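Model, not experiment: these values are computed from the prediction. Every chain is numbered from 1, with letters handed out A, B, ... down the list of sequences.
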2 protein chains.
Amino acid sequence: MTKEPSGKRDRLILAARELIHSQGVERTTLADVADASGVPLGNVYYYFKTKNELVEAVVNSRMQEMTDLLDTLDFLPSPVDRLKGMIQAAEAKVDEIVESGCPMGTLCTELEKRDDGLAEGAAALMRRHIDWVASQFRLMGHEDDAAEFAVAFVSGYQGAAVLTNALRDPQILIQESRRIQRWIDSLATSAG
Amino acid sequence: MTKEPSGKRDRLILAARELIHSQGVERTTLADVADASGVPLGNVYYYFKTKNELVEAVVNSRMQEMTDLLDTLDFLPSPVDRLKGMIQAAEAKVDEIVESGCPMGTLCTELEKRDDGLAEGAAALMRRHIDWVASQFRLMGHEDDAAEFAVAFVSGYQGAAVLTNALRDPQILIQESRRIQRWIDSLATSAG
DNA sequence: GTCTATAGTTTGATAGAC
DNA sequence: GTCTATCAAACTATAGAC
């Protein structure tokens, strides 16, 4: 039993993920995380030396989540299916987005307003997303426009998430999701 | 001299606007605002009973800024010019957006993660923006699609702002700005 | 490894002199 | 109306028993 027999570290990260998404990094206290995960406050510091280290672990956890999603989508037969699957995955989480926005987008936005280096990890998350989308457009034959299309795709989703959250209206995400899917379809027929 | 002979209230709001945009509401302390505006900390409470009241004043100030922008754009000759002018106004503030994102968007995102009623004022700001854009699309003859187009327009800008800030890349905003302007042009030729 | 108690800061807010 | 001094609460982080 020299290393993590009880999974407390994972529980702390899981609780921090959710609390940070719903309340933001700044308003989430270590006492909140300790309570939510059933770990005494003092014990948190055995797993994470500082609050920032816990936040960093949450960013890494979001990166893992992204990796898992991309791995799943990669099983779909065509790039069109995969891009649509990406949007549909977001659409499946409307309620969460209405309540607290995109976990990745709001995390980036919040961390960018801080001095410490935490924003870079969050930016890497966004870059990873965009790069994967670009690779799908390349597979569709849009070699030259792949990078630009990828930014438009992710940007479209992020903007929809901001508005969906700000106006607390799930229809916004659904509407934009369909708009983006129609666009993907139109790019499929007019391949490069 | 019974009411505001020195403009301190305005200076406090102005300093708070900038600090909240660059650092976020949570990390901006009243001491920060007091310092930046040259007002002693204790005196801040003469003008604003609580920190939230100051934040509310900042939201109102952003609403006024939006009103001023819309009033200016309303002088342009056509709805196409006005919509393009709106995007170009954003493009003119790229540096600010690279550094800290859209003042309105990030404010909405941050306030939505709080319990107090401050998010509603920020949402009203976003709604005002969308409504004005929708009215322009209506003037272009797109009666039926105005609401949907307006959401796509504002969503496109907000998403671009999120990515521009997260990746610290001004080209993203510029590229998306042009994409949106081309779209406006295409809607002008195919009017309803 | 786990947990309680508490130290040390920061910060929102107030008291009260001028 | 203005400003200094300070309180009280919240929170990160540590000390040290078990």
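Distance from the side chain of T29(B) is smallest for dG12(C) among the nucleotides dA13(D), dC11(D), dG12(C). Distance from the side chain of Y46(A) is smallest to dT2(C) among dT2(C), dG12(C), dA13(D). For K8(B), whose side chain is taken as the heavy atoms from C-beta onward, the closest listed nucleotide among dT2(D), dA13(C), dT14(D) is dT2(D). Nearest to the side chain of T50(A), among dA13(C), dA13(D), dT2(D), sits dA13(D). Among the nucleotides dT12(D), dA13(C), dT2(C), the one closest to the side chain of N43(A) is dT2(C). Which of dG12(C), dT12(D), dC3(D) sits closest to the side chain of P40(B) comes down to dC3(D).
Dashed line: the shortest gap from a side-chain N or O of Y47(B) to OP1 or OP2 of dT2(D) is under 4.0 Å. Distances shown here put every side-chain N or O of K51(A) at or beyond 4.0 Å from the OP1 or OP2 atom of dT9(C).
Atom pair Q23(A):CD and dC11(D):C1' shows a separation of 14 Å (rounding to whole Å applied). In this structure, L41(A) atom CG and dA15(D) atom P are separated by 15 Å, rounded to whole Å. dG12(C) atom C1' lies 15 Å from atom CD of E26(A), rounded to whole Å. The nearest whole Å value for the distance from the CG atom in N52(B) to the P atom in dT11(C) is 16 Å. Spacing between atom CZ of R27(B) and atom P of dT10(C) amounts to 13 Å, rounded to whole angstrom units. With rounding to whole Å, Y45(A) atom OH is found 17 Å from dG16(D) atom P. Rounded to whole Å, atom P of dG12(C) lies 12 Å from atom CG of D35(B). Between the C1' atom of dT2(D) and the CG atom of L12(B) lies a distance of 12 Å, rounded to the nearest Å.
Y46(B) and L41(B) fall within a single hydrophobic cluster, where Ile, Leu, Val, Met, Phe, Trp and Tyr are joined by side-chain heavy atoms under 4.5 Å apart, directly or via other members. Placement of L167(A) and M63(B) within a single hydrophobic cluster is found when ILVMFWY residues are connected by side-chain heavy-atom separations under 4.5 Å, directly or transitively.
If you find the closest nucleotide of DNA chain D to K49(A) and to D32(A), the one lying nearer the 5' end belongs to D32(A).
Salt bridge annotation for D185(A)-K84(A): present, with a cationic side-chain nitrogen under 4.0 angstrom from a carboxylate oxygen. Between E65(B) and R17(B) a salt bridge is recorded (basic side-chain N to carboxylate O distance below 4.0 Å).
Heavy atoms only, all atoms of each residue included: A160(B) and E176(B) are closest at CB-CB, 3.7 Å.
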